[in-house]
Amino acid sequence: MTQLGFQNDMIDTEKGVISREIFASEKIYQEELEKVFTRAWLFVGHESQIPKPGDFFTSKMGAESVIMCRDFEQKIHVFLNTCSHRGMKVCLYDEGNTQTFTCPFHAWSYSPDGKLVGVPHEKELYSHVLDKSKWSLIEVAKMEIYKGSIWATWDKDAPDFYDYLGDAKAHLDLVLDGLDGSDGGTEVFGGVHKWVSPCNWKIPAENFCGDSYHNPSHISVDMIGIGPSAAKGEKGRRDNELADAQHLWISFPGGHGIHSAMKPENNAYIEAYKDNPIAEEYYRHCYEERQIKLGDKARIVPFVGTIFPNTSFHGRQPRALCAWHPNGAESSEIWRFFLVDKAAPKEVKDLLRKYYMRYSGPAGMTEQDDMENWNYATQGSRGVIARRHPFNYQQSQNIYNINDPVPGMVSTQMTEENARQYYTCWSSYMQEKNWSDIMAHPAQRKSGTSR
Amino acid sequence: MVRHHGPPGATQVRYVAMMSSNSKSALKRDIHYFTLKQQIEEFLYDEAEMLDQRQFTDWLDLLCDDLVYFMPMRRNVKHGDHAARENTREGEDISWFEDDKWTMSKRVDQIMTEKHWAEEPLSRVCHMVSNVQLLGATPSVEKPEEVTARCRFLVYQNRAEKESNFFVGKRLDTLRFEGEGWKLRRREITLDQNVLLAKNLSVFF
């Protein structure tokens with residue numbers, strides 16, 4: 001852990017270098033909590049986790065606990081999990097159903113719409129003083145439910161969620177829609193992975209924003225085969241659905257970085273899920289349905305991406321939303337929500353669940369190796385001598401198209417452009433720039449050679 | 001009699017019942033019980049030794065072909081909600097593990113590639129198994145073909161230079177006598193953590 005504060009020259013995308021300080025400095029970490037996590041849109045949870053009035057799920061925004069709940073009018077809220085009186089958590093549980101959130105300390109109680117409804121001895125102790133309507137739970141400034149996923153920001157001046165996503169939305173749509181193209185056709189499985197990993201939170205966020213170059217670290221699973229066709233002898237960690245596709249690395253205003261792919265014009269089905277005929281049939285059916293629904297747009301298929309600052313996704317195999325919660329300069333609390341088609345048959349859901357578990361998270365054969373990389377990349381940012389030497393971010397520098405073949409700043413070869421843009425945006429937050437600067441198109445911020 | 005071939009839901013109910021305050025094994029403590037218990041303990045200790053000695057491939061031979069290796073995630077829930085909500089459900093939810101033998105063999109294969117960076121170099125692991133009690137035997141304690149035993153575990157993992165993890169919890173094992181000896185039919189691992197404090201679960205329990 002180091003103590004240097006943020007300086008503009010720590011991010012130099014012209015030279016393609018980034019200071020190691022930003023991954024190890026406790027001071028920069030504190031600045032991030034103040035300047036990034038109080039403003040950006042953060043993923044909180046999923047509607048399907050709180051289907052009934054009074055249902056709640058406690059989540060995190062930045063390093064702070066929040067309650068996501070459904071009130072008795074069916075409206076969803078996100079509150080800071082802290083009593084307005086003395087700050088104790090008003091909800092001690094990970095999930096459940098309740099009539100009120102009652103603080104264990106002095107028993108102030110709040111209804112699921114956040115209103116302060118109970119103050120012990122109110123008449124004797126607070127007569128004519130306490131205006132209960134002014135002491136509700138602290139609620140987020142803006143909240144959006146987007147295809148079931150719930151997002152929020154503490155900044156009332158933040159752009160609306162869809163403006164914040166911009167053209168990245170088209171890719172996140174693919175993650176949250178059913179595989180047959182049905183609008184928002186997904187739900188989350190019960191059971192959210194939560195674990196502490198000794199890495200700076202930006203390292204996994206960067207890993208998911210398009211670092212396809214780290215493929216060699218997964219050689220062990222690729223050698224043995226753990227995908228949904230592995231029992232039939234396929235190697236690799238997933239089915240090769242993108243075998244004939246043009247991979248696309250795309251940066252967006254707001255710092256989002258996405259790796260999607262474009263299938264060829266004929267968009268032929270590539271057989272997958274060979275271990276189970278029901279799953280294979282389901283995916284084939286979804287594939288055909290999606291072609292009918294989306295036409296030529298069905299050629300774009302999702303892979304991975306990061307919505308700035310700390311929400312990432314796996315688009316297809318294994319489909320999930322990930323939150324990299326900051327937990328100190330050298331620690332992250334990682335939460336993983338697994339998505340599945342609501343309409344999928346039980347047998348398909350079971351097969352996916354098991355695949356997700358053997359692939360993902362701390363027990364997952366693929367991601368265990370990621371944890372190792374992120375752990376020691378963070379440690380490697382700490383040394384006094386090490387910090388004199390920045391990291392190299394020069395891969396495919398100045399090689400990109402604008403809005404071709406999809407909207408955004410697009411590379412058709414493996415690139416660190418998404419990472420460069422991610423950190424450029426992060427730097428804008430750290431400089432407390434206004435929203436129009438933060439949301440400027442990457443190409444406007446950067447003099448690159450368009451190709 | 002405790003049965004272990006029911007649907008996942010039934011398993012959950014059985015386990016919650018087992019962990020309640022009135023959870024003393026119903027089996028009569030007689031010479032047959034203690035003789036069988038000794039056999040089962042020997043199996044559990046041999047198995048722990050094998051894992052600690054990193055004989056992973058040999059360990060796979062101790063697993064029944066229809067193995068279920070299950071580790072739920074644990075939630076903080078309101079008093080009274082424990083049965084319904086505390087643990088993620090086998091067969092329904094995402095858990096830490098819900099593996100079959102094929103998946104376990106993949107985990108071993110991965111270590112054997114020598115390129116599984118979470119276990120290369122290999123961890124130093126020590127399995128402590130204690131509080132062994134038999135909960136059931138079918139068809140009988142005298143002529144057991146399948147036995148259910150619970151225990152506590154403490155698995156210490158030390159790796160690289162300064163990494164260490166203590167994994168502490170309960171285990172519910174079902175063993176089946178197959179051919180010449182006991183094999184593991186089912187392992188339910190209840191790790192006593194909410195947010196997992198380790199970056200990885202790369203050890204076997």
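Only a predicted model underlies this, so the values are computations on that prediction, with no experimental measurement involved. Convention: sequence-line order gives letters A, B, ...; per-chain numbering from 1.
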Please look at [X] and chain A and tell me whether the side chain, the backbone, both or neither of the residue comes under 4.5 angstrom of a heavy atom of that chain.
| X | answer |
| --- | --- |
| B:Ala198 | backbone |
| B:Glu163 | side chain |
| B:Trp102 | side chain |

Kindly indicate whether the side chain of [X], heavy atoms from C-beta on, has any atom under 4.5 Å from the side chain of [Y].
| X | Y | result |
| --- | --- | --- |
| A:Ser220 | B:Trp117 | no |
| B:Thr113 | A:Ile224 | yes |
| B:Glu92 | A:Lys346 | yes |

To the nearest 0.5 Å, tell me how far [X] [atom1] sits from [Y] [atom2].
| X | Y | atom1 | atom2 | answer |
| --- | --- | --- | --- | --- |
| B:Phe97 | A:Met357 | CZ | CE | 10.5 Å |
| A:Ile226 | B:Lys106 | CD1 | NZ | 9.0 Å |
| A:Ser217 | B:Lys115 | OG | NZ | 12.5 Å |
| B:Ile94 | A:Arg336 | CD1 | CZ | 10.5 Å |
| A:Leu92 | B:Lys78 | CG | NZ | 10.5 Å |
| B:Leu201 | A:Gln368 | CG | CD | 7.5 Å |

Quick one: does [X]'s side chain have a donor or acceptor within less than 3.5 Å of a partner on [Y]'s backbone?
| X | Y | value |
| --- | --- | --- |
| B:Asp93 | A:Gly191 | no |
| B:Gln110 | A:Met365 | yes |
| A:Asp94 | B:Asn76 | yes |

Which atoms of A:Tyr376 come close to chain B, meaning under 4.5 Å heavy atom to heavy atom: side chain ones, backbone ones, both, or neither?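 A:Tyr376 touches chain B through side-chain heavy atoms alone.
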What part of A:Asn97 gets within 4.5 angstrom of chain B, counting heavy atoms only: side chain, backbone, both, or neither? both
Any salt bridge linking B:Glu90 with A:Arg353? Criterion: basic side-chain nitrogen under 4.0 Å from a carboxylate oxygen.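 A salt bridge is absent here (no side-chain N lies under 4.0 Å from a carboxylate O).
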Do A:Glu372 and B:Arg159 meet the salt-bridge criterion of a basic N to acidic O distance under 4.0 Å?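 Looking at A:Glu372 together with B:Arg159, the answer is yes, because their closest N to O distance falls below 4.0 Å.
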Parallel, tilted or perpendicular: rings of A:His193 and B:Trp96 (30°, 60°): parallel
Which one of [options] has the most heavy-atom pairs closer than 4.5 Å to chain B?
| options | result |
| --- | --- |
| A:Ala231, A:Gly364, A:Ser197, A:Ser332 | A:Ala231 |
| A:Val221, A:Asp370, A:Asn375, A:Val188 | A:Asn375 |
| A:Pro198, A:Gly361, A:Gly225 | A:Gly225 |
| A:Glu95, A:Met371, A:Met223, A:Arg358 | A:Glu95 |

Ignoring hydrogens and angles, state whether a donor on the side chain of A:Lys194 or B:Asn194 is under 3.5 Å from an acceptor on the partner side chain.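 No, because no side-chain N or O of A:Lys194 sits under 3.5 Å from a partner of the opposite role on B:Asn194.
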